Amino acid sequence: MSLTIEAALKKDIETAIEACFQTTVEEFVLQPTKKEFEGTYTFVTFALTKALRRSPVQIGQTIGEYLAAHSQVVKGFNVVQGFLNLTIEDETWLDVLSAIHQDADYGTLPANGQSVMVEFSSPNTNKPLHLGHLRNNCLGDSVARILKANGYEVIKTCLVNDRGIHICKSMLAYQKLGNGETPASAGLKGDHLAGKYYVLFDKEYKKQIAQLVAEGMSEEEAAKKAPWILEAQDLLIQWEKGEPETVALWEQMNGWVYEGFQKTYDSMGISFDKTYYESDTYLLGKDIIEEGLKKGVFYKKEDNSVWIDLTEEGLDQKLVLRGNGTSVYITQDLGTTELKYSDFHNDRYMWVVGNEQDYHFNVLFAILKRLGRPYADECFHLSYGMVDLPSGKMKSREGTVVDADDLLGQMAQTAENRTRELGKIEDFASEEAQNLYHLLALGALKYFLLKVDPKKRMLFNPEESIDFQGHTGPFIQYTYARVRSILRKAEANALAAAIPAEGYEIHPAEQDVIFHLSQYPVRVMSAGQEFSPALISLYAYELAKFYNQFYAELSIFSDPDPVAVQFRVALSDSVAKTIRHAMGLLGIEVPERM
RNA sequence: GACCCCGUAGUUCAACGGAUAGAAUAGAAGUUUCCUAAACUUUAGAUAUGGGUUCGAUUCCCGUCGGGGUCACCA
């Protein structure tokens, strides 16, 4: 059997056009038939009317007749306006399912010899993770899995933002108000403890500003002169000098935070192949500035600051090194990118970073191109939209965030309540049940975050909990558990899966499932090209939906025809395998029972 | 102000320029002596606005209105 029915059809349509009209057509539209019409694939004829000088209906009729007579895969056709709807031979469907059923790793495409680095997560070490970070983590993790399924070798990296003024703010507040508190003594995860002091800093800082303003200072000046911000800046200078006490505090607090993050990553099933720390990389990039100056890509102003003029690219003039010789954000990023390249020599580089940094990445990539970096054309910013609350943007320092750990905990509780209500797993041991609740909570949460087009900003309303019914992760997990139940029963009754080569009349509900199964590799490919887990999410949902319809309509074990029983077991097995694979690409596990 | 992104059922999301704009949820009505009802079936409900291009526009182009973001010698 050819790779897809689609490929076979396209070839046959080309042949048909040549035979019927003695001409060739470069491109034509072949799409899945809308469900109100009979057929599987639809050939749209409108585009050909000019070239062939016939009416859309005539073209459809002529090609349809030719295909019905000559094509191996076409069983019949109907023409509605300019749409030629084609139905497919039962034997073709049997072939297709047979190929899928035999493929143990269906949906994983062959290696393409290319490697790609995906950088994501990149947390600040002064506060715990919130829902926005979860979207980033889920996206990065899923895109990495999708690229791997597309044949790439994938390196997942995380650049930890472990230095800078924001860290010093938490450190300062801890120095002033901490009284030697530790995660153990406070009963808090380390990242939450650091976050607590970040919030405390902000409170006091605001108070100090307000007081200065009351004394007659302007808001802007007060923000610069408040005692705590001056002290925090001093702390940063001490840190950069390597002052032992400051470094010790920094190491202690960061250690707490890493421990906390690790727990969250572990519980989400997210890992990295390589972690970079900004404290190691923040001085990088200066040699690139030198190089760029020599090449004439950059220029120096009187105050010694270094700039690049990107007006030709539609961007502005951009500072790349301060007058005092210290780095800015873009300097570091140039250096870090060079480091990544020298460490791994990947063919492509991806950054999963929010869309508020669109401009920054445009600048970064433009500079890399000007510098003639070999990887410059293979850099991509996967720019995703923010997760907003009904009240607006989440802000850690103001405490208006949906905390990642809290949310996961709540969802596990919801999963537990729902499961207990249904009472289907009363024989589970306590640990087994806990694992299931966690698996369902993650399924709901990850699916919720991944089903939306990454580019779009999304809204999360904490008042309304994330659903477990309908277009959700648990719906798909449930379908999987139900299929597994079927397969266990088949095994217990020694009913092996088998697909006849011919002579089996396929029911429309079965055909829908097979058709959808056949689309999977193409979906994996587009998801890889578009870096969009949403395409896989939607696919898994549709497949589950079709299977559920099939399940409701046809009985598997009570069919009098043993061929049908074996065929449906094979169909179920293929669905289970494909759902598991697709959910795997989303980083979501599926349960045997729920 | 300049630049970028976005406006689709009450709500959350879909729709390579293609047929009567799909789902889910909330609402109404059904389905369980039978393989897991976290399911299935039926029903009602939307393209912000004005032009243009096209056989055909939610999709492309221009304007208006509305929302978000960026324009730091912060990261």
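Predicted, not measured: the structure shown is a model, and the values here were computed from it. So you know, we letter chains A, B, ... as the sequences are listed, proteins then strands, and number each from 1.
- Between the side chain of A:Thr472 and the main chain of A:Ala444, no donor-acceptor pair closer than 3.5 Å is present.
- A sub-4.0 Å separation between OP1 or OP2 of B:rU41 and a side-chain N or O of A:Gln549 is present.
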Atom pairs and distances, side-chain donor-acceptor, residues 432-441 of chain A, under 3.5 Å, sequence neighbours left out:
unit_1: A:Glu432; atom_1: OE1; unit_2: A:Ala429; atom_2: N; d: 3.2
unit_1: A:His438; atom_1: NE2; unit_2: A:Ser267; atom_2: O; d: 3.1

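- Helical stems involving RNA chain B, defined as 3 or more consecutive Watson-Crick or G-U pairs under 3.5 Å, span B:1-7 with B:65-71, B:10-13 with B:22-25, B:27-31 with B:39-43, B:48-52 with B:60-64.
- Distance from the side chain of A:Arg418 is smallest to B:rA38 among B:rU36, B:rA75, B:rA38.
- The separation between A:Tyr437 atom OH and B:rA38 atom P is 15 Å, rounded to whole Å.
- Look at the C1' atom in both B:rA14 and B:rA24: the space between them is 10 Å, to the nearest Å.
- Going from the P atom of B:rC34 to that of B:rA23 covers 31 Å, rounded to whole Å.
- In this structure, A:Arg135 forms no cation-pi arrangement with A:Tyr384, as its terminal cationic atom is not both closer than 6.0 Å to the ring centre and no more than 45° off the ring axis.
- Spacing between atom CD of A:Gln469 and atom C1' of B:rA24 amounts to 11 Å, rounded to whole angstrom units.
- Taking atom P in both B:rU49 and B:rA21, one finds a spacing of 16 Å when rounded to whole Å.
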Identify each donor-acceptor pair in which a side-chain atom of residues 556-563 of chain A lies under 3.5 Å from a protein atom, sequence neighbours left out, and give them as a table.
unit_1: A:Ser558; atom_1: OG; unit_2: A:Ser555; atom_2: OG; d: 2.4
unit_1: A:Asp559; atom_1: OD1; unit_2: A:Asp561; atom_2: N; d: 2.9
unit_1: A:Asp559; atom_1: OD2; unit_2: A:Arg568; atom_2: NH1; d: 3.0
unit_1: A:Asp561; atom_1: OD1; unit_2: A:Val563; atom_2: N; d: 2.9

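- Residue A:Tyr551 contributes atom OH, which lies 11 Å from atom C1' of B:rU32 at whole-angstrom precision.
- Side-chain contact check for A:Asp333 versus A:His360: some heavy-atom pair is nearer than 4.5 Å.
- Following rounding to the nearest Å, A:Phe557 (CZ) and B:rC34 (P) show an atom-to-atom distance of 15 Å.
- One can place CD of A:Glu119 at 16 Å from P of B:rA75, the figure rounded to the nearest angstrom.
- In this entry the distance linking CG of A:Leu334 with C1' of B:rA75 reads 15 Å, nearest Å.
- For B:rA38, the base has no donor-acceptor partner in the side chain of A:Thr472 [N/O atoms by modelled type, under 3.5 angstrom].
- At the heavy-atom level, A:Glu592 lies under 4.0 Å from base atoms of the strands shown.
- At a threshold of 4.5 Å between non-hydrogen side-chain atoms, the residues A:Lys10 and A:Phe43 do not count as touching.
- From A:His507, atom NE2 reaches atom CG of A:Asp512 across 10.0 Å, with rounding to the nearest 0.5 Å.
- In this structure, A:Phe83 packs face-to-face on the six-membered ring of B:rA19, meeting both the 5.5 Å centre cutoff and the 30° plane limit.
- At a threshold of 4.0 angstrom between heavy atoms, the contacts of A:Asn417 with the nucleic acid are absent.
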Quick test: give all pairs of protein nitrogen or oxygen and nucleotides 53-61 of chain B nitrogen or oxygen below 3.5 Å, distance rounded to 0.1 Å.
none

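- Rounded to an integer number of Å, the gap from A:Leu440 CG to B:rU36 P is 17 Å.
- Computed from coordinates, the A:Phe550 CZ to B:rC35 P distance equals 15 Å when rounded to whole Å.
- With centres under 5.5 Å and a plane angle under 30° as the test, the ring of A:Phe468 is not stacked against the base of B:rA38.
- Counting any heavy atom pair closer than 4.0 Å across all strands shown, A:Thr326 reaches no nucleic acid atom.
- No more than 12 heavy atoms of other residues, nucleotides or ligands lie within 6.0 Å of CD in A:Glu589, so this atom counts as exposed by the packing criterion.
- Here A:Leu554 lies in heavy-atom contact (under 4.0 Å) with a base.
- For the P atoms, the distance from B:rA46 to B:rG1 is 35 Å, rounded to whole Å.
- Taking the C1' atom of each, B:rC60 and B:rU20 are spaced 24 Å apart, rounded to whole Å.
- At a cut-off of 3.5 angstrom, the base of B:rA75 holds no donor-acceptor pair with the side chain of A:Asp333.
- Taken residue by residue, residues 473-485 of chain A places heavy atoms nearer than 4.0 Å to RNA chain B at A:Phe475, A:Tyr478, A:Ala481, A:Arg482, A:Ser485.
- Looking at the side chain of A:Asn161, the nearest of the listed nucleotides B:rC35, B:rU25, B:rA75 is B:rA75.
- Taking the P atom of each, B:rA26 and B:rU11 are spaced 16 Å apart, rounded to whole Å.
- Base contact: A:Thr42 has a heavy atom under 4.0 Å from a base atom.
- Every residue two or more places apart in sequence or in another chain that forms a side-chain hydrogen bond (donor to acceptor under 3.5 Å, both in side chains) with A:Glu416 is listed here: A:Arg420.
- Using cut-offs of 30° and 60° on the angle between ring planes, the pair A:Phe460 and A:Phe448 is perpendicular.
- Neither OP1 nor OP2 of B:rU36 sits under 4.0 Å from any side-chain N or O of A:Lys489.
- Remark: the backbone N or O of A:Arg322 is not paired with any side-chain donor or acceptor of A:Thr326 at under 3.5 angstrom.
- The distance from atom CG of A:Leu445 to atom CG of A:Leu131, rounded to the nearest 0.5 Å, is 7.0 Å.
- Within a 6.0 Å sphere centred on NZ of A:Lys455, heavy atoms belonging to other residues, nucleotides or ligands number 12 at most.
- Cation-pi geometry between A:Lys300 and A:Trp307 is not met at under 6.0 angstrom from the ring centre and within 45 degrees of the axis.
- Between A:Gln81 and A:Glu278, it is A:Gln81 whose nearest contact on RNA chain B lies nearer the 5' terminus.
- Other residues, nucleotides and ligands contribute more than 12 heavy atoms inside 6.0 Å of the CD atom of A:Glu421.
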Can you give me the N/O atom pairs linking the protein to nucleotides 70-74 of chain B at distances under 3.5 Å, or say none if there are none?
unit_1: B:rC73; atom_1: N4; unit_2: A:Asp303; atom_2: OD2; d: 2.4
unit_1: B:rC74; atom_1: OP2; unit_2: A:Arg322; atom_2: NE; d: 2.7
unit_1: B:rC74; atom_1: OP2; unit_2: A:Arg322; atom_2: NH2; d: 2.3

How does protein reach along nucleotides 6-16 of chain B, written 5' to 3' as B (base within reach of a heavy atom under 4.0 Å), S (only sugar-phosphate), or - (no contact)? -S----SSS-B
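- Sorted by first and then second residue, the side chain to side chain donor-acceptor pair (under 3.5 Å) pairs involving residues 442-451 of chain A (not counting sequence neighbours) are A:Tyr447-A:His471.
- For the side-chain hydrogen bond (donor to acceptor under 3.5 Å, both in side chains) test, residues two or more places apart in sequence or in another chain that qualify with A:His516 are A:Glu542.
- Shown here are the side chain to side chain contact (heavy atoms under 4.5 Å, CB included) partners of A:Arg580, two or more places apart in sequence or in another chain: A:Tyr480, A:Val590.
- With both ends at atom P, the span from B:rG69 to B:rG27 equals 34 Å, rounded to whole Å.
- With sequence neighbours excluded, the residues satisfying side chain to side chain contact (heavy atoms under 4.5 Å, CB included) with A:Asp162 are A:Thr125, A:Val160, A:Trp250, A:Asn254, A:Tyr258, A:Tyr277, A:Glu278, A:Ser279.
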